Every structure is written in C-alpha cells, then in structure tokens.
Amino acid sequence: MQIIKTRDYDHMSRMAANIIAAQVIMKPDCVLGLATGSTPVGTYEELVRRYDKGELDFSTVTSINLDEYKGLSPENDQSYRYFMNTHLFSHVNIDPEKTYVPNGLEPDSEKACAAYNAVIRQAGGIDLQLLGLGHNGHIGFNEPSDIFEKETHCVDLTQSTIDANSRFFASMDEVPKQAYTMGIGTIMQAKKVLVVVSGKAKAQIVKDAFFGPCTPQVPASILQLHSDVILVGDEEALSLIP
Ligand code: GLP
C-alpha cells in the first residue's frame, strides 16, 4: 500500500484528483468506480476545474458508482445519483449513458443487484476505484458483517451509518434504512484502489482498517490484501498510523 500524507483537505483533494486525472489521461476509455460522501467532494471539484481548463476529457470514460439508497429516486436531492450529477457528471463531458448508479427505485432487490452485476461485468470491471471510509470501516455500503459479501447486494444500514447520514436529511424518518451496494469482491477486483480520508474523526478507523486485523467486522480491512491501494489522507486522518 502506498500512503500519501497531505497537509489538509484541499491538498488531499488535489492529490486524489491527480491520480484520477492520470488514469483518465493514460486510459481515456477507462472505467472509474466512483464514491459519494463528503470526503470526495473536493476531489470532484478539482477534476471539474481541470476539465474547465481543457486538461481532461471524460468523453470515453465509463463510471460505475458504489452504491445508492433503496427507495430514493434520481431526482431526490439526497440520492447518490443526484449527488454525482451535481458534483461531477453535469459539469464534465462524460456521456450520461455511461454513468451507472444502482437503481434505487427498483423495489425487487434481487433484480436491482443482478442488473448492477451485469453492468459491472459488461464494462469489463473497474480500472480505478475511488473509496471513502465510513466511521465503522464500511466501504460503499458494505457494513460490518460476519462475511465479506462478494457482489452487489441490498444492505440494512447500521444505526451508526443511519445516524451519520441523518445530517443530510430534514428528519430522521426520511433517512433510508437500506441501500444497494457493490460487493467487496467487486471492489477487490478493481485494478487500482484509491482511498480518501480526512479529519480527526477518521483517525482511529484508518488505523484499524489499514493496520489492524483483516476482518469483515472492519470491511475496509480487506484492502490490506489488495496489491495496488493508494491511501491519500490529511495529517489529521493519518495521525494515528504507525
Ligand atoms: C456513505 C457512503 C460511503 C462513504 C461514507 C463516508 O456511507 N456510502 O461511500 O465513504 O458515507 O462518508 P464521508 O466521506 O462523508 O465521511
């Protein structure tokens, strides 16, 4: 694993954008695995800036997002499809037909997950997977569990994740309790994985995930077994690692 220690959030965002930009430049028809959450927002802003300057071309890129809340429509401003449109897709020349997010409006979980697995297979897998890190070690919405789920599945979100996500919703009742997420097996098959972490609140889980035992109770810990992981974090988030 390569660790890049940055000064602060903005520096982290620029470094992460460098890595994604390099991927897009080196393989213009690459498949990017994309993530939501507050951590990658600055990375997307930076990519948009570079696109505006004419440094990046997304016209032949395919994107496959990690996850989506079950029950939320793409128009819901808390859906991950809406997030991606707002923070990246509507600002760059990516073909909307080549941007994939699980279908939150499909009530049949088996159908939704099978369709997403087919999308991932047809795309030929993921070249670069961007990940944030949940406070309990979740990646995508792969919550702590007794097993590492391989493919796309429907998850019951844990109370700590529901609490963490409630800051974005008007009331607790509106916070979705389930989500569709790409599986750990799919994430592990990505050729390269880029993890972004920021802030003191992530310091302990960064230490547990990357320097503790590899266990499905800390889903991100499986990344220790991936051969090409880059962890980009600010000083606060990396403050507890050896
Ligand atoms: C959500 C997303 C994750 C993300 C996590 C952390 O649960 N499903 O992909 O990594 O939030 O978000 P943040 O970056 O806001 O801490």
Side-chain angles (χ1 to χ4, degrees), residues 6 8-10 12-13 15-17 20 32-46 63-72 76-84 86-88 100-102 104 112-113 116 126 128-145 149 152-169 174-184 186-188 190 193-210 218-223 229-234 236-238:
T6 61
D8 52 24
Y9 180 80
D10 287 346
M12 177 207 75
S13 301
M15 293 304 275
I20 298 171
L32 297 179
L34 297 178
T36 56
S38 49
T39 314
V41 168
T43 305
Y44 294 141
E45 280 171 6
E46 186 61 30
S63 73
I64 303 185
N65 260 76
L66 283 166
D67 46 11
E68 179 60 285
Y69 289 116
K70 184 175 178 183
L72 295 198
N76 185 308
D77 63 5
Q78 292 310 323
S79 74
Y80 285 170
R81 162 59 75 178
Y82 190 95
F83 174 104
M84 290 310 302
T86 314
H87 291 287
L88 185 66
Y100 297 96
V101 179
C113 297
Y116 212 57
I126 291 159
L128 173 65
Q129 177 66 56
L130 173 64
L131 293 175
L133 184 62
H135 290 275
N136 58 7
H138 72 237
I139 46 178
F141 266 133
N142 289 276
E143 293 278 37
S145 156
E149 292 269 3
T152 311
H153 55 286
C154 180
V155 206
D156 293 326
L157 301 175
T158 63
Q159 195 56 48
S160 84
T161 300
I162 294 169
D163 292 345
N165 293 343
S166 65
R167 67 191 196 273
F168 300 114
F169 292 84
E174 288 177 34
V175 191
K177 310 291 184 293
Q178 287 189 310
Y180 295 132
T181 184
M182 194 184 273
I184 294 283
T186 305
I187 294 171
M188 286 297 282
V193 176
L194 167 62
V195 188
V196 286
V197 285
S198 169
K200 238 192 182 78
K202 294 283 170 76
Q204 185 61 48
I205 194 62
V206 168
K207 183 181 177 207
D208 294 346
F210 295 100
V218 182
S221 65
I222 189 101
L223 297 172
V229 175
I230 309 182
L231 173 65
V232 181
D234 59 19
E236 288 189 344
L238 301 186

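Each ligand, and each atom within it, is numbered from 1 in the order the structure gives. Nothing here was measured: the structure is a model prediction, and the numbers come from that model. Note that the numbering runs from 1 along the sequence shown for the chain.
- The shortest contact between atom 12 (O) of ligand 1 and any protein heavy atom is with G37 CA, 3.8 Å.
- Looking at V195 and F210, their side chains come closer than 4.5 Å, going by heavy atoms from C-beta outward.
- Under the 4.5 Å side-chain criterion, counting only non-hydrogen atoms from C-beta, F141 is in contact with N165.
- The shell of residues lying under 4.0 angstrom from ligand 1, judged by heavy atoms, excludes A35.
- Comparing L133, V41, T39 against atom 6 (C) of ligand 1, the shortest heavy-atom distance belongs to L133.
- Residue contacts with ligand 1, taken as heavy atom pairs separated by less than 4.0 Å, involve S38 via backbone and side-chain atoms alike.
- Applying the 4.0 Å criterion to heavy atoms of Y80 picks out, from ligand 1, the atoms 1 (C), 2 (C), 8 (N).
- Against a heavy-atom cut-off of under 4.0 Å, K202 is close to the following atoms of ligand 1: 13 (P), 14 (O), 16 (O).
- Judged by distance alone, with hydrogens and angles left aside, the side-chain atoms of Y80 form no donor-acceptor pair with the main-chain N or O of T36 at under 3.5 Å.
- At least one donor-acceptor pair under 3.5 Å links the side chain of T6 to the backbone N or O of G233.
- When heavy-atom distances to ligand 1 are checked against a 4.0 Å cut-off, D67 comes that close only through its side chain, counted from C-beta outward.
- Counting heavy atoms from C-beta on, the side chains of I205 and K202 come closer than 4.5 Å.
- When each atom of ligand 1 is checked for a heavy atom of G132 under 4.0 Å away, the hits are 10 (O).
- Within a 6.0 Å radius of NZ in K177, more than 12 heavy atoms belonging to other residues, nucleotides or ligands are found.
- When L34, T36, N136 are checked for heavy-atom proximity to atom 4 (C) of ligand 1, T36 turns out nearest.
- Checking side-chain atoms of E68 against main-chain N and O of R81 turns up a donor-acceptor pair under 3.5 Å.
- Ranking protein heavy atoms by distance to atom 11 (O) of ligand 1, first place goes to H138 NE2, 4.0 Å.
- Nearest protein heavy-atom contact of atom 3 (C) of ligand 1 is G140 O, 3.5 Å.
- Atoms of ligand 1 found under 4.0 Å from any heavy atom of R167 (numbered from 1 in listed order, with element): 15 (O).
- In this structure the side chain of I64 reaches within 4.5 angstrom of the side chain of M182, judged on heavy atoms.
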